[in-house]
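Take a look at the structure below.
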Amino acid sequence: MRPETLNPIEKRTAISLSLVFALRMLGLFMIMPVFAIYGQHLTGYSPIWVGFAIGAYGLTQALLQIPAGMLSDKFGRRPIIYGGLCLFALGSLVAGFSDSVYGVTAGRALQGAGAIASAILALAADVTRAEQRPKVMAMIGVSIGISFAVSMVAGPILAPIIGLQGLFFITAAGALCGIAIVHFMVPNIINKAPRGETVAIPQQLKALIKDPQLLRLNLGILILHMTLTAMFITLPLQLQTMLLAPADHWHLYLPALLFSFLLIIPMLIISARKDMNRQFFLFSILLMAGSLMAMGSTTNSLFAMFLCVMCYFTAFNFLEASLPSFISMLAPAGAKGSAMGIYSTFQFSGAFLGGILGGISYKLLGSSGLFYCLSILILLWFFIAWGMLNPSKIRTHSYTTDIKDNDHANALSEKLVTLPGVLEVVFFIEEQTVYIKVNNTKFNSDKAKEILVN
C-alpha cells in the first residue's frame, strides 16, 4: 500500500466516527429552521425563549467541552463517548416529552451536556497515523457540513408530519445508533496519540487564550455561530410572512445550500493554490455582512431572499471550513489539542450567546432590526480579522522518536532548528514525541527524520 493512503483501520475509523458526529450534529441543527414556527404551541413561547431553546445546547457544550476531553484522556475515549451519547439521547427525550418551552430548553441543555466532540477527535487521532490524521479530521469536518445541509432540509420536511416531538425522538434514536456504531464499527486497538495532538492541557490554556492570532480566530468562530443561531430565530418567520408555507421552506434552503457548495469549491481551491486564504477569508466576512444587511431589506421578493440566503451559506460554509484549519496551522507546536479545545468552547459559546442576542434583538428591533444588528456584528469581526496572518504556509509536523533525556532533546533541537523552514521545535520526553512547526514550502520532512533517527 502506498504510504500516502489510509489503511483499512483508518478508513473504518474515519467513516464510523464521521457518522457518529453527523448523527449528533443533525439532532442539534434540525430544530433550528423550524422551532420558531412549530414551537408556538408550547407554554411560555416568546422570541427570547426561542433563542434560549435554540442556543441552550451551546452553554453546556462550552462549559464541558474541555473537561470531557480531559476525562477521556484519563478514563478512556469510549466510556466518555458512550456517556455523552446517553446524555444526548436523554436530553432529546426530555425535550420531546415537554409541553413547555422551558422543558425544551432544559432538554437542549442536557443534549449539550453530552460534549463528546473532543473525545471523538481524540479517538480518531489515537487510531490513525500522524501523517494520515489530517485526512481523517477533514472527513469528520465534512460530515458536520453535510449534517448541517441535511438538517436545513429535513427539519422543514419532517416537522409538519411528525411535529417537534417527533424530531426530538428521531434525535434520540440517532444517539443510540451512534453508540452502536462506536461499539461495533470503530476499531478497538490499543494506541494513543500524544496529548498535545488531541486534548487540552490545562497549563497551556492561559497562554493560548492570549495569543493574538488565535484570539482573532476564536472570536471569529464565536461571532459566526452567534449569527447562525440568531438568524434562525427570525428567518423562518420572515419566510412565512412572504407567503412561503413552513412545509415548503426546504424549497428555498436546499437550492441555496447546493449553490453555496458549488461556489465555495473554487474559492477553496484558489485560496489554497494561490496562497490567498487571508484574502478569501476577509472577502467571505464581507459577503456575510452584506447578505445579512440585504435580508433586513428584503420583505416581499422570495427570489431576493433566496439570493441572500445563498450568499450567507456560501460565506458561512467557507468560514466554517477555514477556521479550524487555520487554528491547526497557527497553534504553537505541541498545543493543537489545547488550541482546538479553546476554539470549540468559543464556538459553542457563540451558539448560546446568539440565541440570547437573537431573542432580545427580535423583540426590541423586529426582524429587519435583528438582521441589521447581525450585519454590524459581522463588520466588527472584519476589523478584528484584518490583522491575521496568512496561515497557508504554516504547518506542524509530529514525530515519534527515541528521546533519552533533556540533553539529548536539546542536541536534537539544535540540529532541527537549522533546517530550512523550521519555526519552532518542542520535545515531550515522556511521550517520546517531537513537534516541529514549519513553513511547509521550505521544509524537508526527510531531513528531519534523518536527524531524529541518528
Side-chain angles (χ1 to χ4, degrees), residues 25 28 55 57-70 112 115 117-118 121-122 137 140-141 144-145 148 196-230 277-278 280-282 284-286 288-289 315-357 374 376-392 394-396 424 437:
M25 298 310 293
L28 289 173
Y57 79 93
L59 177 62
T60 45
Q61 283 275 340
L63 293 174
L64 298 176
Q65 197 64 233
I66 291 177
M70 294 177 180
S118 57
L121 294 176
M137 298 301 178
I140 293 174
I144 298 172
F148 175 74
E197 188 81 1
T198 56
V199 300
I201 299 174
Q203 299 90 320
Q204 297 176 336
L205 298 180
K206 185 175 180 180
L208 291 174
I209 290 173
K210 294 180 179 179
D211 185 294
Q213 292 299 323
L214 296 180
L215 182 59
R216 285 186 176 92
L217 299 175
N218 289 331
L219 290 174
I221 194 62
L222 182 139
I223 293 173
L224 184 64
H225 279 258
M226 280 182 71
T227 65
L228 178 69
T229 307
N277 277 325
R278 180 178 179 275
F280 275 92
F281 188 83
L282 294 173
S284 296
I285 296 175
L286 289 179
M288 179 174 285
F316 177 87
N317 289 325
F318 182 85
L319 294 165
E320 182 79 2
S322 300
L323 279 164
S325 175
F326 291 178
I327 287 281
S328 178
M329 293 174 189
L330 296 176
K336 188 186 299 182
S338 298
M340 291 303 297
I342 295 169
Y343 170 85
S344 296
T345 300
F346 273 81
Q347 179 182 24
F348 290 114
S349 297
F352 173 68
L353 294 174
I356 297 175
L357 173 67
L374 294 179
I376 292 171
L377 187 62
I378 293 294
L379 288 174
L380 174 62
W381 177 18
F382 177 81
F383 290 109
I384 292 173
W386 183 259
M388 69 176 284
L389 297 174
N390 188 345
S392 302
I394 301 174
R395 297 288 188 278
T396 297
E424 182 183 5
K437 188 174 182 179

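These numbers were taken from a predicted model, which means no experiment stands behind them.
Residues passing the side chain to side chain contact (heavy atoms under 4.5 Å, CB included) test with Ala321: none are found, sequence neighbours excluded. Legend: residues meeting side chain to side chain contact (heavy atoms under 4.5 Å, CB included) with Leu64, ordered by chain and number and at least two apart, are Ala113, Ala115. Scanning for side chain to side chain contact (heavy atoms under 4.5 Å, CB included) contacts around Ile356 gives Phe52, Phe352, Ile360, with sequence neighbours left out. In this structure Gln61 satisfies the side-chain hydrogen bond (donor to acceptor under 3.5 Å, both in side chains) test together with Arg24, Gln65, sequence neighbours excluded. The side-chain hydrogen bond (donor to acceptor under 3.5 Å, both in side chains) search around Asp211 returns none, not counting sequence neighbours. Residues that satisfy the ring pair (Phe, Tyr, Trp, His ring centres under 6.0 Å) test with Phe316, not counting sequence neighbours, are Phe148, His225. Residues passing the side-chain hydrogen bond (donor to acceptor under 3.5 Å, both in side chains) test with Thr227, sequence neighbours excluded: Tyr312. Partners of Leu379 under the side chain to side chain contact (heavy atoms under 4.5 Å, CB included) rule, at least two apart in sequence or in another chain, are Leu286, Ala289.
Put simply, CG on Leu224 and CG on Leu319 are 6.0 Å apart, with the number rounded to the nearest 0.5 Å. Between Leu323 atom CG and Ser284 atom OG the span is 10.0 Å, to the nearest 0.5 Å. Atom CD1 of Ile378 and atom CD1 of Ile223 lie 6.5 Å apart (nearest 0.5 Å). The line from CD1 of Ile66 to OG of Ser338 is 7.5 Å long, rounded to the nearest 0.5 Å. Atom CG in Leu214 sits 12.5 Å away from atom CZ in Phe326 (nearest 0.5 Å). Atom CZ of residue Phe346 and atom CG of residue Leu217 lie 11.0 Å apart, to the nearest 0.5 angstrom.
In this structure a side-chain-to-backbone donor-acceptor pair under 3.5 Å is present from Arg216 to Ile384. Counting only distance, with no hydrogens or angles, the side chain of Arg278 and the backbone of Trp386 share a donor-acceptor pair below 3.5 Å. At distances below 3.5 Å, at least one donor-acceptor pair connects side-chain atoms of Thr60 with backbone N or O atoms of Tyr57. The closest donor-acceptor contact from the side chain of Ser118 to the backbone of Gly69 lies under 3.5 Å.
Nearest heavy atoms, Thr229 versus Gly355: CG2-N, 3.6 Å. The minimum heavy-atom distance linking Ala339 with Leu208 is given by the pair N-CD1, 3.7 Å.
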List the steps and the verdict of side-chain contact (heavy atoms from CB on, under 4.5 Å) for Leu357 and Leu374.
CA-CA 9 Å; Leu357 173 67; Leu374 294 179; 4.0 Å; yes
I would like to know whether Ile221 and Glu320 meet side-chain contact (heavy atoms from CB on, under 4.5 Å); could you show each step before the answer?
CA-CA 8 Å; Ile221 194 62; Glu320 182 79 2; 3.7 Å; yes
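Side-chain atoms of Trp381 and Leu219, non-hydrogen and from C-beta on, never get closer than 4.5 Å to each other. Counting heavy atoms from C-beta on, the side chains of Leu215 and Lys210 never come closer than 4.5 Å. Between Leu222 and Gln347 there is no side-chain heavy-atom pair separated by less than 4.5 Å.
Aromatic ring centres of Phe318 and Phe281: separated by at least 6.0 Å.
Partner Ile209 forms a side chain to side chain contact (heavy atoms under 4.5 Å, CB included) with one of Thr345, Asn218, Ile342 and no other, that one being Ile342.
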